[in-house]
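Take a look at the structure set out below.
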Amino acid sequence: MSLLEEVELSSSDDFILSTSGLTKKFDGLVAVNDVSLDVERGSIKAVIGPNGSGKTTFFNLITGALPPSGGRIYFEGQDITRLSMHERTRRGISRSYQITNIFPYQTTFENIRLAAQGCSGARVNFLSMLKKAGEFSEFHEKVIDIALVVGLDPSRLYVPAALIPHAEQRKLEIAMALATDPRLLLLDEPAAGMSIEEIPEVIDSIMRVKDSYGDQLTLIVVEHKMDIVMRLSEEIVVLSEGRMIAKGPPKEIQQNEEVLRAYLGGVDEELT
Ligand SMILES: Nc1ncnc2c1ncn2[C@@H]1O[C@H](COP(=O)(O)OP(=O)(O)OP(=O)(O)O)[C@@H](O)[C@H]1O
Ligand SMILES: [Mg+2]
């Protein structure tokens, strides 16, 4: 192996995820526009941007929920651009959703266990899933461990998920995403719909996850609430109309003029 090849291999090894010219068009609209981003292994990044700037679409491209119109995605040094969602999950990419995506009539415990068995979201055959449920008591310990890590209230583990408070439901979703043993976890607005008082709870939960998994887990968090972004992330990526307009440490981004302009351009969010 030449010296150059060695250098290239070791540098790509530092990045768990890389996108190169990633683009998604919906008819005339370019929702994600030529985004090239390297994500360091074990890091925690935030993706921010006004409504409709392409954040969720960017996640959908990484997870394989949507095929890109152009560009490439590399995970752990391998090109995964054309792999199915299922294969990407198997390789270690997991996500939570902007809109709560739990099984409301199953208990909190069952929701995590079903996710651990590879049944995620609403896209599963419910009967086969229930059949499986009885066969997998070995997941018990894993479920309890994950519930503790995300800080779910143990007294509510056996309550139907629809009946637990909203903040607990959001933590449950993080737990479900962790149940597939990801190495890259994408959280889409984990504090969506939460009151100001509940926000510290979700910050604590994400920090505990990060502390527990250390460098074994890389996190990308889409979030509007700036106190969460500032507390959690080492680096912020800013999307505006699908383009990556800035990237850098939180303090720098807060003062970036292009970012401020993007946020002042008639959207309902404030960068404070
Ligand atoms: N499946 C789709 N078909 C057509 N247009 C879409 C689709 N998904 C997203 N879009 C459009 O792409 C753009 C980016 O949407 P996206 O949901 O990625 O934004 P976002 O940054 O996550 O916004 P928000 O902060 O409101 O969640 C929007 O204009 C949206 O209407
Ligand atoms: Mg979104």
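Just follow the structure's listing: the first ligand is 1, and inside any ligand the first atom is 1. If you're wondering where the values come from, they're calculated on a predicted model, not measured in any experiment.
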Flag if over 12 foreign heavy atoms under 6.0 Å of CD, Glu198 = yes
request  = Given salt bridge (charged side-chain N to carboxylate O under 4.0 Å, His left out), test Glu258 with Arg261 step by step and report yes or no.
outcome  = CA-CA 5 Å; Glu258 199 178 353; Arg261 264 201 304 279; 5.4 Å; no
message = Testing the basics here: between Gly64 and Met85, what is the closest heavy-atom pair and its distance to 0.1 Å?
response = C-CG, 3.6 Å
message = I want to verify a count. Protein N, O or S atoms less than 2.8 Å away from the Mg ion (ligand 2), how many are there?
response = 2
remark   = Distance filter under 4.0 Å, heavy atoms only, around ligand 1 gives Phe26, Leu29, Ala31, Pro50, Asn51, Gly52, Ser53, Gly54, Lys55, Thr56, Thr57, Gln98, Glu189, His224
message = Between Glu201 and Lys171, does any NZ, NE, NH1 or NH2 come within less than 4.0 Å of an OD or OE carboxylate oxygen?
response = yes
key: Quiz item: cation-pi between Arg156 and Tyr158, 6.0 Å / 45°   = no
task = Would you mind telling me which of Thr180, Asp181, Thr89 makes a side-chain hydrogen bond (donor to acceptor under 3.5 Å, both in side chains) with Ser94?
result = Thr180
inquiry  = Looking at Gln216, I want to see if its CD is surrounded by more than 12 non-hydrogen atoms of other residues, nucleotides or ligands under 6.0 Å.
reply    = no
Shared hydrophobic cluster for Val30 and Val237 (ILVMFWY, side-chain gaps under 4.5 Å) = no
key: Verdict with reasoning, Asp38 to Lys247, per salt bridge (charged side-chain N to carboxylate O under 4.0 Å, His left out)   = CA-CA 11 Å; Asp38 291 321; Lys247 184 162 77 82; over 6 Å; no
